[in-house]
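Notes to accompany the following structure.
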Amino acid sequence: MIDAHPRILVWPAIGLVTILASGCVNGTAASDNGEPGFPFGPSAIGTQRLAYQPDIKSILDSDCLSCHSAREARGNYSVSTYAAVMAGQRIGDASSSLVVTCSPGGSMYRYLSGDAVTKATEIFRWLVYYNAAQTR
């Protein structure tokens with residue numbers, strides 16, 4: 001009969017569970033699987049790769065540039081160039097200001113013309129999944 005103190009047997013068990021559980025964690029980066037309802041609802045973009053030129057710039061030029069130009073940068077934010085758009089943004093971060101303000105419920109969402117859900121989804125996917133690629 002083994003006369004071991006219960007605390008001595010607990011630590012090896014905790015170590016074994018920790019090692020086994022760590023093998024279940026997969027450290028892969030997020031990927032865009034083109035699920036039509038993600039993240040804001042069904043959209044018309046499918047799974048094509050997105051880039052600032054030609055995808056995002058056209059949205060920003062048509063819906064944002066009139067108030068956020070180099071000449072009139074409301075909120076001290078301009079969308080007149082790629083560098084200006086990227087100012088203060090965090091690539092791969094869904095909490096970046098451009099994503100948040102253009103998302104449904106965000107302060108700029110109402111200014112997205114036409115299919116706002118698709119435009120908001122494009123901005124989200126471009127900044128978060130496609131690392132704010134400048135071109136394709």
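All values reported here derive from a predicted model rather than from experimental measurement. What's counted below: heavy atoms across the whole structure, side chains too, no hydrogens, waters or symmetry copies.
A salt bridge links Arg136 with Asp55: the closest approach of a Lys/Arg side-chain nitrogen to an acidic carboxylate oxygen falls below 4.0 angstrom.
Side-chain contact check for Ser95 and Arg90: at least one donor-acceptor pair (N or O, by modelled atom type) lies under 3.5 Å.
Cys102 has its side chain within reach of Leu98: a pair of non-hydrogen atoms, C-beta onward, lies under 4.5 Å apart. Side-chain contact between Tyr111 and Asp63 is absent, with no heavy atoms from C-beta onward closer than 4.5 Å. With a 4.5 Å cut-off on side-chain heavy atoms, Ser62 and Lys119 count as touching. Taking 4.5 Å as the limit, some side-chain heavy atom of Ile59 sits within range of a side-chain heavy atom of Leu112. Side-chain contact check for Ser58 versus Asp61: every heavy-atom pair is 4.5 Å or farther apart.
Looking at every heavy atom in both residues, Gln48 comes nearest to Tyr130 through O-OH, 3.8 Å. Taking all atoms of both residues into account, the shortest heavy-atom contact from Val128 to Val99 is CG2-CG2, 4.5 Å. Summarising the geometry of Ser78 relative to Ser69, their closest heavy-atom pair is OG-C, 3.4 Å, with the distance given to 0.1 Å. When all heavy atoms are compared, the tightest approach of Tyr109 to Val117 is OH-CG2, 3.3 Å.
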Worked verdict on Met108 versus Cys64 for side-chain contact (heavy atoms from CB on, under 4.5 Å):
CA-CA 9 Å; Met108 296 293 117; Cys64 309; over 6 Å; no

Using the rule given for side-chain contact (heavy atoms from CB on, under 4.5 Å), can you reason through Glu122 versus Leu127, listing the C-alpha separation, both sets of side-chain angles and the distance that settles it, and then say yes or no?
CA-CA 9 Å; Glu122 285 181 337; Leu127 191 61; over 6 Å; no

Please assess Leu60 against Leu65 for the test side-chain contact (heavy atoms from CB on, under 4.5 Å), listing each intermediate value before the final yes or no.
CA-CA 6 Å; Leu60 300 177; Leu65 192 59; over 6 Å; no

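Hydrophobic clustering of Ile, Leu, Val, Met, Phe, Trp and Tyr side chains at less than 4.5 Å, counting indirect connections, keeps Val100 apart from Tyr129.
Between Tyr52 and Trp126, the ring planes are tilted. Angles from 30° to 60° get that label.
With Thr81 contributing its side chain and Ala84 its backbone, the two residues share a donor-acceptor pair below 3.5 Å. A distance-only check finds a donor-acceptor pair linking the side chain of His68 to the backbone of Arg74 [under 3.5 Å]. For Ser103 (side chain) and Gly106 (main-chain N/O), no donor-acceptor pair under 3.5 Å exists by modelled atom type.
Remark: Arg125 CZ to Thr118 OG1 distance equals 9.5 Å, nearest 0.5 Å. Going from atom NZ of Lys57 over to atom OG of Ser80 covers 8.5 Å, rounded to the nearest 0.5 Å.
Under a cut-off of 6.0 angstrom, the local environment of OH in Tyr82 is crowded, with over 12 non-hydrogen atoms contributed by other residues, nucleotides or ligands.
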